[in-house]
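Protein chains get the first letters and strands the later ones, always in sequence-line order, with residue 1 at the start of each. Because the structure is a prediction, the values reported are computed rather than measured.
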Number of protein chains: 2
Amino acid sequence: MVGKFQSLYLQLRDDIQRGEYPAGSKLPSESEFCAQLKISRGTLRKALELLAEDGLIHSVHGKGVYVLAANPIAFSFGSLVSFAEVNHSNQLNFVTEVTAFTELQPDVALSQLSGFNQAQILQKIQRVRKLDNERIIFDLNYFASGLISGLTPAIASNSIYNYIEEQLHLKIGFARRTIQVEMASALDKQNLDLQAFDLVVVVRNWVHLNDGQLFEYTESRHRPDRFVFTEFVRRR
Amino acid sequence: MVGKFQSLYLQLRDDIQRGEYPAGSKLPSESEFCAQLKISRGTLRKALELLAEDGLIHSVHGKGVYVLAANPIAFSFGSLVSFAEVNHSNQLNFVTEVTAFTELQPDVALSQLSGFNQAQILQKIQRVRKLDNERIIFDLNYFASGLISGLTPAIASNSIYNYIEEQLHLKIGFARRTIQVEMASALDKQNLDLQAFDLVVVVRNWVHLNDGQLFEYTESRHRPDRFVFTEFVRRR
DNA sequence: ACTCATTTGTTCGTATGTATG
DNA sequence: GCATACATACGAACAAATGAG
C-alpha cells in the first residue's frame, strides 16, 4: 500500500531529525544516492520533493541537495494534521475536554458558512484545549453524520481523524483553511480564559474526503497571545 | 528556460479560470490528454501536480481528475508572492507609500530576530499599504545590502521582487513565515489607522535566495479586522 | 574566456500496480 | 471478471547550472 518513495521519505525525514544529515550539510548526489539505495532516480527525487515541501532540504541546480534544518515546520499546523497529531509530536502539556456533543441540522447561516446542505444531519462537537490548565483554544466541529458515523465523545476526546482513517477506512482528501481575527463572542468568553482580550484568532477548516465530499467544517478559536502559525514556502 | 510542464500548468490554470473546464467537471483522462497535447504522461502529471497544489483540481484514483474551483487561492497570500503581485491580480484599490528608507547595521535584538549577522549592512524600508485611503498594513523590510544592491525608494514603491528577479537576475528560493497577534507598538499606532484596536497581526517572513542565503527579513503588521489568510492543504 | 566533469532539472517511453464502476 | 483511470517505478537521454582547471 505505501509506496517506495513514501517510506524513503519517512526514512530520510527521520534520518535528518536524528541528525544523521546535519543542517548545512549536503546529501549524497542523486546518482550516488540512488545507486546506494538501489532505486531509480525518479523515485528518489519524489522522496526529496516531499522533504523540500517540508522545508527540510533545498536542491540547488548544479551544486547539490542541502539540509536546511532538523525540525522546521513539523511542530506547527503547516500541513493537514489534526490537533492530536500535533500534540503527540510536541509532548506539550495539552489536555482536550469535550464540552458538548449533539446532533443538529444547520440553519441558513450555518449552512452558508459551512457549505453543508440544510438537509444534512451534523454531529456538533465542542472541545476546549488546555495548556497548563489554561483554556486557550475553543474548537467547534461539525461532521456530516451521513459520512462519519459512530462518533462518540470518547473518540472526540482522543483523535477523530485517527478514527476516520483507521476505523472507518475513509480517505481524507483536501481542505481549505482561513485565518482571521474576530471579536470574541459570548461563547468564546464562556469557553476560554480570555483575560483582557476581546479578540480571538479564528481558524476555519473545510475538509473533504478523497472523493470530494465535504465532511467537516471546523472553527478553531484561539486566545490571540497563544496563537502561532508557521509555514514553509517555496518559490515556483 | 521554462519547461514544458510549467507552461502547460500556466495554460491549464488559465483555461480553468476562464471557465473552459468548469468546477465539478472532469478533465480528459491522462492518456487521452497527453495524446491530444502530444506530450508524455509524466510531463502532464507534473503540470497536474502544480494545479492540485493550488487547489484547482483533485485527482481520484480510478475515476479521474476533477476541477474544484476556478479561483480558490490565487487571491490570497498562500504562495510565496509579493504584495505587488497580489495587488495586481486582485484589481483592488491598493496604494503603497514608502515612509522611510535608510541603511543600518542591526543591533543585537534585530540580528537575533532577523537572522542577519551584525556585520551586515541592511536596507531598511518602511511602507504603508492603504486600501480605500485607510492605512491597514505597515511593512517593515530589511534587505541585505550586500546581496540586493541598488534599491531605491522608487523601486520600493513598485515591486522589489520584480527588481530582484528581472534586474538583478537573482533567484528566490524559499521562505519561512510565521503569523502571530501582538500588542500594537507606538510605531504601529503612528503608521496605521488602528481605530480602537490595540492588537495587530504580525506576519514575519525570512526569505532566502536559491543558494540558501538569507536576503530579506520582513514584518507585515496588519490591522486585525482587515487581515485574511487563506490556504489550500492536501493530505499526504 | 573556454573546456570539462559533476550535479540537478526535464522529458520520454514502458511496464506494472491498484482503485472504480 | 473486465475495461478504464490514476499511481508507482524504472531506465535512458539530454538540458542547464555550477565550479574547477
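Ring-centre distance between H208(B) and F174(B): below the 6.0 Å cut-off. Between Y217(B) and F116(B), the ring center distance fails the sub-6.0 Å criterion.
Summarising the geometry, the separation between CG on L209(A) and P on dT20(C) is reported as 12 Å, rounded to the nearest angstrom. With rounding to whole Å, Y66(B) atom OH is found 11 Å from dT20(C) atom P. Rounded to an integer number of Å, the gap from L170(A) CG to dA19(C) P is 15 Å. If you measure from atom CG of L48(A) to atom C1' of dT10(C), you get 16 Å, rounded to the nearest angstrom. Here the C1' atom of nucleotide dG21(C) and the NZ atom of K26(B) are 10 Å apart, to the nearest Å. Rounded to an integer number of Å, the gap from H58(A) NE2 to dA17(D) C1' is 13 Å. Taking atom CG of L44(A) as the reference point, atom P of dG9(C) lies 11 Å away to the nearest angstrom. Rounded to an integer number of Å, the gap from CD of E32(A) to P of dA5(C) is 19 Å.
Salt bridge status for D139(A) with R221(A): absent, with no side-chain N to carboxylate O gap under 4.0 Å.
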Protein proximity profile, nucleotides 6-15 of chain D - base contact B, sugar-phosphate-only contact S, no contact -, cut-off 4.0 Å on heavy atoms: BBBSB--B--
Please list, one pair per line, the donor and acceptor atoms closer than 3.5 Å that link side chains of residues 120-127 of chain A to other protein atoms, with sequence neighbours excluded.
from    : atom 1 : to      : atom 2 : distance (Å)
Q120(A) : OE1    : N117(A) : N      : 2.9
Q123(A) : NE2    : T102(A) : O      : 3.1
R127(A) : NH1    : A156(A) : O      : 2.5

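Under the salt bridge (Lys or Arg N to Asp or Glu O under 4.0 Å) criterion, E49(B) pairs with R234(B), sequence neighbours left out.
If you take CD1 on I164(A) and CD1 on I155(A), they are separated by 9.5 Å, rounding to the nearest 0.5 Å.
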